[in-house]
There are 2 protein chains.
Amino acid sequence: MKRLGTVAVVGVGMIGGSIGQALIERNLAKNVVGVGRSQASLRSARRVGAITNTTIDLNRGVADAELVFVCTPVAAVVETVKQAAEHCPERTLISDVCGLKRAVVGPLDDGLARGCRFLGGHPLVEGGQNGVLDARADLFDGRIVILTPTVNTRAEDFDFLADFWQALGAVVVKMPPEEHDRAVAMTEHLPYLSAAAMSAALPEKLFRLAGGGVSAATRQAAGDPSLWADALTLNRDNVLTALEQYGSQLAAAHAAIRDGRRDALLDILTLAKKHRDALGD
Amino acid sequence: MKRLGTVAVVGVGMIGGSIGQALIERNLAKNVVGVGRSQASLRSARRVGAITNTTIDLNRGVADAELVFVCTPVAAVVETVKQAAEHCPERTLISDVCGLKRAVVGPLDDGLARGCRFLGGHPLVEGGQNGVLDARADLFDGRIVILTPTVNTRAEDFDFLADFWQALGAVVVKMPPEEHDRAVAMTEHLPYLSAAAMSAALPEKLFRLAGGGVSAATRQAAGDPSLWADALTLNRDNVLTALEQYGSQLAAAHAAIRDGRRDALLDILTLAKKHRDALGD
């Protein structure tokens with residue numbers, strides 16, 4: 001990828017901050033403008049080397065951008081992209097990193113103001129709890145980034161964004177927004193719900209014994225309930241389907257244990273091990 | 001704890017090996033005799049400093065032991081303890097480390113041959129995949145070890161074993177065998193079953209996207225299906241109850257998402273976060 005002039009990162013948390021750090025550390029952009037809601041959080045981002053310039057004014061922040069990354073939670077992406085398109089240079093490509101794609105690609109795919117275009121993206125990385133303080137320049141090394149072009153996407157935009165992510169170390173996978181949302185219902189929303197349901201079911205008197213399996217199995221339940229409620233609601237049908245597929249395996253295991261059918265139980269556990277071994281770390 | 005002469009460790013995997021390493025490294029025993037099924041695995045155990053002497057003959061291995069640790073899987077504990085009692089010095093204390101306590105304490109609590117006594121124990125540590133190669137002298141540092149005395153247990157045996165584990169860095173918790181088994185159904189068996197059901201439900205085409213939440217959420221499914229089937233079967237009633245408590249939280253979340261009741265969903269997710277935050281790491 002040729003070196004860029006100015007990249008704008010709108011919302012400088014763990015992912016936005018890691019994009020900035022990677023760009024700066026690999027010398028892939030001259031300026032990384034961080035757009036945030038408070039000068040205090042932007043100062044943190046600058047201190048950890050995630051951005052070179054800061055502003056709380058979106059319109060000014062994107063004014064010189066060759067590429068705009070909207071890294072806000074899903075609920076704010078559509079409006080932020082539309083506003084950025086009004087104020088960035090003409091024909092600028094705008095992307096995002098949020099974990100649902102139908103909800104943002106749908107309203108933005110028809111075209112933006114002034115010849116700007118939107119192309120959705122989603123890096124598959126586990127969230128931190130500390131925002132930009134969890135940012136790492138190597139966060140995307142070897143990690144998958146899903147890009148979700150549509151029939152309206154220009155090939156050169158896809159290629160440009162794919163090159164960009166590959167320059168940050170990522171492996172790019174192309175997928176329609178609908179397929180993306182079906183996949184993440186299973187790979188991200190279901191695991192969170194499972195952790196949350198188990199944590200909610202855990203009696204307080206067992207907390208001190210939770211050193212082993214239940215500690216790992218509930219870790220994701222520490223995430224922000226409100227952000228997760230948004231994601232689960234936006235991906236409603238896919239989440240319900242994933243819960244039902246999972247539930248039928250749980251029900252089969254329950255019945256096998258209840259009825260003392262060791263072979264039936266072993267079939268499920270053996271299939272589970274085969275799948276898990278195939279996943280690798 | 002005063003320094004012991006000979007401790008026998010029967011079954012030198014991760015836990016047995018870690019007991020041996022901790023004893024040797026902290027100079028708490030003169031000899032640690034490892035009893036195993038093959039000379040090859042015992043050589044590995046000696047190479048990693050887990051034992052000082054090796055034998056595949058249980059009767060010889062326990063002949064001079066002041067304390068015997070049976071570290072086999074649960075299915076072999078009762079017979080191994082009984083055989084050890086026939087061949088170790090009179091009035092020796094024998095303990096174990098397996099994850100279920102009713103199944104072993106019940107048959108052994110009435111007394112053993114030649115004045116030997118059994119007192120059950122269970123260190124709450126996550127299992128490795130590589131047996132004795134995962135052993136660590138500090139494995140028990142700050143970890144909970146549950147001891148399960150009964151009305152038949154002598155106070156001096158409990159105190160001796162509690163001192164022993166504390167000398168290895170553990171925090172000792174006392175609990176009746178029944179309560180132990182109820183607790184681990186929730187803290188260990190349910191998390192494994194959840195991981196296994198999710199792994200079994202995961203379609204192969206999603207494996208490459210499993211970098212995030214589902215990878216962590218299914219990790220335990222890599223465990224040995226046969227050993228887990230034994231444990232789940234032996235702890236049947238408690239496991240079914242734990243599955244049902246978990247299932248009712250999942251069902252409540254499913255209904256809230258289906259019916260668009262964001263507040264009800266948020267109640268579950270907020271309770272989950274409160275519990276998880278209280279667990280610590």
Side-chain angles (χ1 to χ4, degrees), chain A residues 124-126 143-144 183 186-188 190-202 206-207 209-218 220-222 225-226 228-229 232-233 236 239-240 243 245-247 249-250 253-254 257-258 262 265-266 268-273 275-279, chain B residues 124-126 143-144 183 186-188 190-202 206-207 209-218 220-222 225-226 228-229 232-233 236 239-240 243 245-247 249-250 253-254 257-258 262 265-266 268-273 275-279:
Chain A
L124 301 187
V125 296
E126 283 161 81
R143 307 308 290 265
I144 285 176
M186 202 74 192
T187 60
E188 304 198 355
L190 175 63
Y192 166 75
L193 265 176
S194 156
M198 199 179 303
S199 182
L202 192 68
L206 296 185
F207 286 5
L209 305 181
V214 79
S215 176
T218 57
Q220 278 207 74
S226 178
W228 277 107
L232 298 169
T233 305
R236 179 178 173 278
V239 169
L240 294 177
L243 267 174
Q245 287 166 350
Y246 173 56
Q249 293 289 341
L250 281 175
H254 183 282
I257 294 168
R258 183 194 59 209
R262 192 178 192 281
L265 178 60
L266 213 46
I268 299 168
L269 307 186
T270 304
L271 176 65
K273 179 172 171 57
H275 281 187
R276 189 59 189 78
D277 289 347
L279 289 188
Chain B
L124 301 187
V125 296
E126 282 160 81
R143 306 307 292 263
I144 284 176
M186 202 74 193
T187 60
E188 303 197 355
L190 175 63
Y192 166 76
L193 265 176
S194 157
M198 199 180 302
S199 182
L202 192 68
L206 295 185
F207 286 5
L209 304 181
V214 79
S215 175
T218 57
Q220 278 207 75
S226 178
W228 276 108
L232 298 169
T233 305
R236 179 178 173 280
V239 169
L240 294 178
L243 267 175
Q245 287 166 349
Y246 174 55
Q249 293 289 343
L250 282 176
H254 183 281
I257 295 168
R258 183 193 60 210
R262 192 177 193 279
L265 178 60
L266 212 46
I268 299 167
L269 306 186
T270 303
L271 176 66
K273 178 169 172 58
H275 282 186
R276 188 59 187 78
D277 289 347
L279 289 187

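Most heavy-atom pairs under 4.5 Å with chain B: of the set A:Ser194, A:Ala195, A:Gly247, A:Ala278, this distinction falls to A:Ser194. Of all the listed residues (A:Tyr192, A:Trp228, A:Tyr246), the one sharing the greatest number of non-hydrogen pairs under 4.5 Å with chain B is A:Tyr246. Your options are A:Leu232, A:Val239, A:Ile268, and the one with the most heavy-atom pairs under 4.5 Å with chain B is A:Leu232. Annotation: maximal heavy-atom pairing with chain A below 4.5 Å, among B:Ala253, B:Pro191, B:Ser226, occurs at B:Pro191. Of the residues considered (B:Ala221, B:Ala229, B:Ala200), B:Ala200 shows the highest number of contacts with chain A, using heavy-atom pairs under 4.5 Å. Chosen from B:Leu193, B:Leu279, B:Thr233, the residue pairing most often with chain A at heavy-atom distances under 4.5 Å is B:Leu279. Ranked by heavy-atom pairs shorter than 4.5 Å toward chain A, the options B:Asp277, B:Leu243, B:Leu265, B:Thr218 are led by B:Thr218. Note: A:Leu240 leads A:Leu266, A:Thr270, A:Leu240, A:Leu206 in heavy-atom pairs under 4.5 Å with chain B.
Closest approach of A:His275 to B:Ser199, counting heavy atoms only: ND1-O, 2.6 Å. In terms of heavy-atom proximity, B:Arg276 sits nearest to A:Ser215 at NH2-O, 3.0 Å. Residue A:Leu269 comes nearest to B:Ala196 through the heavy atom pair CD2-CB, 3.9 Å, listed as atom of the first residue, atom of the second, then distance. Scanning both residues, A:Lys273 and B:Ala222, for their nearest heavy atoms gives NZ-O, 2.8 Å. The two atoms that bring B:Ala183 and A:Leu209 nearest to each other are CB-CD1, 3.8 Å, heavy atoms only.
The salt bridge (Lys or Arg N to Asp or Glu O under 4.0 Å) check on A:Arg258 picks up nothing, with sequence neighbours excluded.
Looking at A:Ile144, the atoms closer than 4.5 Å to chain B (heavy atoms on both sides) all sit in the side chain, from C-beta outward. Contact annotation for A:Arg262: only side-chain heavy atoms (C-beta onward) come within less than 4.5 Å of a heavy atom of chain B.
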side-chain contact (heavy atoms from CB on, under 4.5 Å) between A:Leu190 and B:Val214: does it pass, once the steps are laid out? CA-CA 8 Å; A:Leu190 175 63; B:Val214 79; over 6 Å; no
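Here CE of A:Met198 is found 11.5 Å from CD of B:Gln249. Values are rounded to the nearest 0.5 Å.
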